[in-house]
Amino acid sequence: MTKVHPKFPNTCDESLCDSKAAVVLTVWKKSLLFNCDGFTVYNANGELVFRVDNYMNCPRDNIVLMDASGFPLLSIRRKKLSLGDCWMVYDGETERDPILTARKNVNILTNRRSLAWVSAKKTVLYEIEGSYSQRSCKILDERRNKKKTAEIKRKETVIGGVAFGKDVFKLIVESEMEPRVAMALTIILDQMFRSS
């Protein structure tokens with residue numbers, strides 16, 4: 001019997017994080033495991049880079065982003081008893097000292113383009129603008145005058161310009177941002193705008 005997930009080296013450290021150019025990832029909103037909900041993420045060479053496998057009957061308040069071999073990179077947890085939709089990102093599978101906090105923008109009267117704000121230790125790091133339902137979002141670095149550090153775009157085929165639909169899209173990550181962090185923010189957007 002063939003393995004569903006063969007052993008791969010930790011691709012995040014080697015092929016993604018050392019690059020000075022933008023990394024283009026293909027995100028497929030589908031788990032490779034049967035009866036699971038999640039994501040499968042490939043690099044430009046078609047190699048598996050990240051994956052998320054959540055069983056259908058498990059609560060969606062705790063999500064683990066893994067590398068290709070199943071090693072946990074980041075844990076994403078919904079903050080309980082919070083005003084609004086708030087998510088915490090932790091290193092590995094720890095539950096102490098979140099490295100990021102993402103809060104959904106609920107004040108659409110003042111800023112309609114903004115979807116969420118991402119902060120670390122009460123300092124706003126990123127603003128996410130656009131439309132997740134259209135798979136057209138930009139992650140802007142607040143410390144660098146709103147410079148685009150990552151972008152979610154629809155993926156189209158090269159022949160005929162046919163779109164794949166909402167379940168397959170591109171995640172373009174600039175060198176200033178870690179690809180695993182950009183993928184974590186993509187997962188959070190999916191949770192915040194799940195009906196989209």
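- For the pair Phe39/Lys30, no side-chain contact is recorded, criterion being any heavy-atom separation below 4.5 Å from C-beta on.
- Here the straight-line distance linking atom CG of Leu189 with atom OH of Tyr132 works out to 7.0 Å at 0.5 Å rounding.
- To the nearest 0.5 angstrom, Glu129 atom CD is 10.0 Å from Asn105 atom CG.
- The side chain to side chain donor-acceptor pair (under 3.5 Å) test applied to Lys170 returns no partner, not counting sequence neighbours.
- Salt-bridge annotation for Asp141 and Lys148: absent, with no side-chain N of the basic residue lying under 4.0 Å from a carboxylate O of the acidic one.
- Using a 4.5 Å heavy-atom threshold, the side chains of Ile99 and Leu74 count as touching.
- Between Leu125 and Leu100, some side-chain heavy-atom pair lies under the 4.5 Å cut-off.
- Remark: Met66 pairs with Arg51, Asp53, Val64 by the side-chain contact (heavy atoms from CB on, under 4.5 Å) rule, at least two apart or across chains.
- What you find for Pro98 and Met88 is that their closest heavy atoms are CG-CE, 3.4 Å.
- Nearest approach of Tyr126 to Arg143, heavy atoms of both residues: OH-NH2, 3.4 Å.
- With sequence neighbours excluded, no residue forms a side chain to side chain donor-acceptor pair (under 3.5 Å) with Ser119.
- Counted within 6.0 Å of CG on Asn45, heavy atoms from surrounding residues, nucleotides or ligands total more than 12; the atom is thus considered enclosed.
- Lys166 and Arg135 make their closest contact through O-NE, 3.0 Å (heavy atoms, listed as atom of the first residue, atom of the second, distance).
- Ile172 belongs to a hydrophobic cluster whose remaining members, ordered by chain and number, are Val24; membership requires side-chain heavy atoms of ILVMFWY residues under 4.5 Å apart, directly or through intermediates.
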Run the numbers on Ile139 and Leu185 for side chain to side chain contact (heavy atoms under 4.5 Å, CB included), then give the verdict.
CA-CA 9 Å; Ile139 300 173; Leu185 297 179; 4.0 Å; yes
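- In this structure Lys153 satisfies the side chain to side chain donor-acceptor pair (under 3.5 Å) test with no other residue, sequence neighbours excluded.
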Show, in sequence, the C-alpha distance, side-chain angles and deciding distance for Arg78 and Asp85, and conclude whether the salt bridge (charged side-chain N to carboxylate O under 4.0 Å, His left out) test is met.
CA-CA 8 Å; Arg78 176 177 275 171; Asp85 205 357; 3.3 Å; yes
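- To the nearest 0.5 Å, the span separating CD1 on Ile188 from CD1 on Ile128 amounts to 7.5 Å.
- Applying the side chain to side chain donor-acceptor pair (under 3.5 Å) criterion to Ser75, with sequence neighbours excluded, gives no partner residue.
- A salt bridge links Glu127 with Lys146: at least one charged nitrogen is closer than 4.0 Å to a carboxylate oxygen.
- Checked for salt-bridge contact, Asp190 and Lys29 meet the test: a charged N lies under 4.0 Å from a carboxylate O.
- The hydrophobic clustering, which links ILVMFWY residues whose side-chain heavy atoms are closer than 4.5 Å, places Trp28 and Leu48 together.
- In summary, Lys147 and Glu176 engage in a salt bridge, as defined by a charged side-chain N under 4.0 Å from a carboxylate O.
- To the nearest 0.5 Å, atoms OG1 (Thr40) and CG (Asp167) are separated by 11.0 Å.
- Note that the CG atom of Leu25 and the CD1 atom of Ile152 stand 11.0 Å from one another [nearest 0.5 Å].
- Under the 3.5 Å distance criterion, the side-chain polar atoms of Thr26 are left unmatched by any main-chain donor or acceptor of Tyr42.
- In this structure, Asp67 does not pair ionically with Arg180, as no charged nitrogen and carboxylate oxygen lie closer than 4.0 Å.
- The cationic group of Arg77 lies under 6.0 Å from the six-membered ring centre of Tyr90 and within 45° of the ring axis, placing it in a cation-pi geometry.
- Taking CE of Met192 as the reference point, atom CD1 of Ile187 lies at 12.5 Å (rounded to 0.5 Å).
- Remark: Lys104 qualifies as a cation-pi partner of Phe193 under the 6.0 Å distance and 45° angle criteria applied to the six-membered ring.
- The shortest distance between side-chain heavy atoms of Cys137 and Leu115 falls below 4.5 Å.
- Side chains of Asp61 and Lys80 form a contact here, defined as non-hydrogen atoms less than 4.5 Å apart.
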